[in-house]
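Encoded as structure tokens, the structure appears first; notes follow it.
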There are 2 protein chains.
Amino acid sequence: MSITSDIIRGHTEAIILSSLLEQDSYGYQINKDIMKKTNNAYELKEATLYSAFRRLEQAGCIRTYWGDETVGARRRYYAITEDGRKAYQGYKQEWQEAKEIIDKLLK
Amino acid sequence: MSITSDIIRGHTEAIILSSLLEQDSYGYQINKDIMKKTNNAYELKEATLYSAFRRLEQAGCIRTYWGDETVGARRRYYAITEDGRKAYQGYKQEWQEAKEIIDKLLK
DNA sequence: AAATATACCTCATCTGTCAAGGTATATATT
DNA sequence: AATATATACCTTGACAGATGAGGTATATTT
């Protein structure tokens, strides 16, 4: 991983929500998707991922249910809620604004 | 201010170095410049600013000297060092990469 | 005399990240 | 049969940057 945690900080929840917009998924898979999308340039640390899940659930942005796997490890699935979709739109807007601001400041 | 601290987090040092690339300056002025450049969309909190100065000096990225004001409040000036210029290039590169990665992830 | 602007600073607290540890199942290798 | 690897979940404590709240001092405006 090349990108530092302080730069990505604050985007974790948006990244997770973005992934859940595509389809319900579970922690391990979400992280694999992130790696694939970024050509292995970025991955979430597990502890970061799970603490973000807790915050998102607490905030009502996601809901969770256990998968019905009969073989292999159990999977806890996450689904984005309506509040989560709204929150995502806010995060996206913030990102667009932040990009502009930082671009102006780093000349 | 609209941008949240967690999104700007990690950019503080780069923003200060960028300002010092233009000319030597002091805390109060640097913050005023940031506000002006961003049309008041962003300003550093004083405590954030000064803790960043400490880190930058510790890391050898800036050096400091007192202004010779005969009237008004004293000013502590900061100048970017050669190491600071190098660090800035690194920060800028990181920002370009981070932008790409986050843009890929927030669809 | 009081308020505002300039200009510096410290300290305690908060929050997201993450290293390090753990549990359990299934498959591939030795 | 034992070991390693991959999948899949989780918790805890520590760290570091950001910040609210407080402080000091000078000069100007009301």
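Lettering follows sequence order; numbering is per chain, from 1.
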Classify the ring geometry between B:Tyr65 and B:Tyr77 as parallel (under 30°), tilted (30 to 60°) or perpendicular (over 60°).
parallel
Taking C:dT6, D:dA8, C:dC11 as options, the one with an atom nearest any side-chain atom of A:Tyr28 is D:dA8
Residues within residues 53-69 of chain B bordering DNA chain D, heavy-atom distance below 4.0 Å:
B:Arg55
Side chain to side chain, A:Ile15 and A:Thr12, heavy atoms closer than 4.5 Å
no
Between B:Tyr78 and B:Arg9, which residue's closest nucleotide on DNA chain C lies nearer the 5′ terminus?
B:Tyr78
Given D:dA8, is OP1 or OP2 found less than 4.0 Å from the side-chain N or O atoms of A:Tyr26?
yes
Would one find a side-chain N or O of A:Tyr50 under 4.0 angstrom from OP1 or OP2 of D:dT11?
no
Hey, are A:Glu94 and B:Thr4 close enough side-chain-wise for a donor-acceptor pair under 3.5 Å?
yes
Taking atom types as modelled and ignoring hydrogens, do the side chains of B:Thr64 and B:Arg76 form a donor-acceptor contact shorter than 3.5 angstrom?
yes
Give a yes/no answer on whether the side chain of B:Ser5 brings an N or O atom under 4.0 Å of OP1 or OP2 in D:dT19.
yes
Which atom of B:Ser19 lies closest to which atom of B:Lys37, heavy atoms considered:
CA-NZ, 4.4 Å
Just by distance, with hydrogens left out, do A:Glu97 and A:Gln93 show a side-chain donor and acceptor under 3.5 Å apart?
yes
To 10°, what angle do the rotation axes through the five end pairs on each side of the helix from C:dA1-D:dT30 to C:dT30-D:dA1 form?
0°
Ignoring backbone atoms, test whether B:Ser51 places a side-chain nitrogen or oxygen under 4.0 Å from the OP1 or OP2 oxygen of D:dG17.
no
Nucleotides 22-27 of chain D: which of its N/O atoms have a protein N/O under 3.5 Å away?
| residue | atom | partner | partner atom | Å |
| --- | --- | --- | --- | --- |
| D:dA27 | OP1 | B:Gly72 | N | 3.1 |

N/O (side chain, A:Lys45) to phosphate O (OP1/OP2, C:dA20) under 4.0 Å
no
